[in-house]
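Atoms within each ligand, like the ligands themselves, are counted from 1 in listed order.
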Amino acid sequence: MTILTSAILAKAGFLHAFPTRDTVDATLLAALTSPTVIQVKQVHGARAVLATEAAGQEGDALVSRAGDGAVGVRVADCVPVLVADPASGAVAAIHAGWRGVVGGVLGAGVKLLGGRDLVAAIGPCIGACCFEVGRDVAERIGFIAREDGEKAHVDLRAAVRSQLRALGLADGSIEDVAGCTRHEGERFHSFRRDGANSGRMLAAIVPRGRGR
Ligand SMILES: [Zn+2]
């Protein structure tokens with residue numbers, strides 16, 4: 001099984017996927033039953049874009065409404081977050097690196113998505129075990145798991161969950177799909193481990209329903 005999934009998203013009826021390093025495009029598209037996955041140029045910012053207006057755009061959150069196409073974000077250490085509105089069928093795919101988390105990309109994505117009683121899955125990303133940054137960066141993010149002189153280990157996953165909670169999601173409606181990209185080299189790509197030649201994994205989700 002090369003694709004990881006969220007029980008919460010599946011139960012709400014949303015096709016989605018957190019690929020691993022072995023997932024080929026054909027397997028991903030088959031899991032999504034989609035001919036393609038709409039993406040934008042990711043820039044570690046905090047801009048949310050509608051799937052219908054994505055062509056040629058830069059952004060780090062993509063929202064797709066019922067009847068529109070699958071959306072996805074490419075990650076290798078950054079946090080992939082898939083959010084869905086069970087009432088409307090709309091979804092968001094969010095690329096949340098530390099700059100995006102600090103800059104508010106989760107808020108931008110959730111606000112463009114709209115709706116209440118949202119459900120979300122936080123995918124495999126660099127864990128607090130491996131995410132070592134300078135003290136200045138750590139203090140900007142918060143969620144310091146361990147301090148080590150001028151360095152600190154930060155729990156990005158916890159930061160994402162906290163922001164989703166602040167945006168109104170119930171704690172029980174947010175699922176962690178486990179995995180540390182940095183030290184689980186057999187399962188995941190990692191930018192920190194493999195450098196600029198690292199592969200990326202395309203976390204993706206499909207809106208539900210035919211639209212209104
Ligand atoms: Zn780790």
Side-chain angles (χ1 to χ4, degrees), residues 1-10 16-24 27-28 31 42-46 60-61 72-83 93-106 109 119-166 169 171-205:
M1 189 64 185
T2 66
I3 288 177
L4 305 177
T5 56
S6 148
I8 282 180
L9 292 178
H16 69 284
F18 291 104
T20 58
R21 64 180 300 151
D22 295 331
T23 308
V24 298
T27 305
L28 174 65
Q42 297 172 192
V43 292
H44 292 276
D60 290 275
V73 289
R74 290 191 174 273
V75 291
D77 291 340
C78 289
V79 190
V81 186
L82 302 178
V83 190
I94 303 173
H95 165 245
W98 76 261
R99 290 176 191 281
V101 168
V102 170
V105 71
L106 292 153
V119 292
I122 305 171
C125 59
I126 190 165
C129 41
C130 295
F131 189 43
E132 187 182 67
V133 294
R135 291 292 294 258
D136 52 338
V137 170
E139 276 157 26
R140 288 175 67 187
I141 308 167
F143 298 90
I144 295 172
R146 177 154 62 84
E147 295 179 78
D148 185 10
E150 288 306 300
K151 301 279 190 178
H153 283 243
V154 168
D155 190 342
L156 259 189
R157 185 184 277 281
V160 167
R161 175 176 285 269
S162 170
Q163 289 199 0
L164 291 173
R165 295 277 289 116
L169 278 78
D171 203 44
S173 297
I174 306 167
E175 180 175 356
D176 280 304
V177 176
C180 171
T181 48
R182 173 70 179 78
H183 79 255
E184 295 184 55
E186 280 144 42
R187 298 172 77 202
F188 304 115
H189 291 298
S190 167
F191 184 82
R192 281 214 171 194
R193 187 186 62 239
D194 303 332
N197 293 325
S198 164
R200 299 285 189 280
M201 298 167 291
L202 179 60
I205 186 165

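Take Arg187 and apply the side chain to side chain contact (heavy atoms under 4.5 Å, CB included) test, not counting sequence neighbours, and it matches Leu4, Glu184.
A salt bridge is absent between Arg182 and Asp77: the closest approach of a Lys/Arg side-chain nitrogen to an acidic carboxylate oxygen does not fall below 4.0 angstrom. Salt-bridge check for Arg99 with Asp60: failed, with every basic side-chain N at 4.0 Å or more from each acidic carboxylate O. Between Glu147 and Arg135 there is a salt bridge, with a side-chain nitrogen of the basic residue lying less than 4.0 Å from a carboxylate oxygen of the acidic one.
Within the protein, the N, O or S atoms sitting under 2.8 Å from the Zn ion (ligand 1) are Cys129 SG, Cys130 SG, Cys180 SG, His183 ND1.
Contact record, Ala196 with Phe191: CA-CE1, 3.8 Å, taken as the closest heavy-atom pair.
The CD1 atom of Ile141 sits 6.0 Å away from atom CH2 of Trp98, with the distance rounded to the nearest 0.5 Å.
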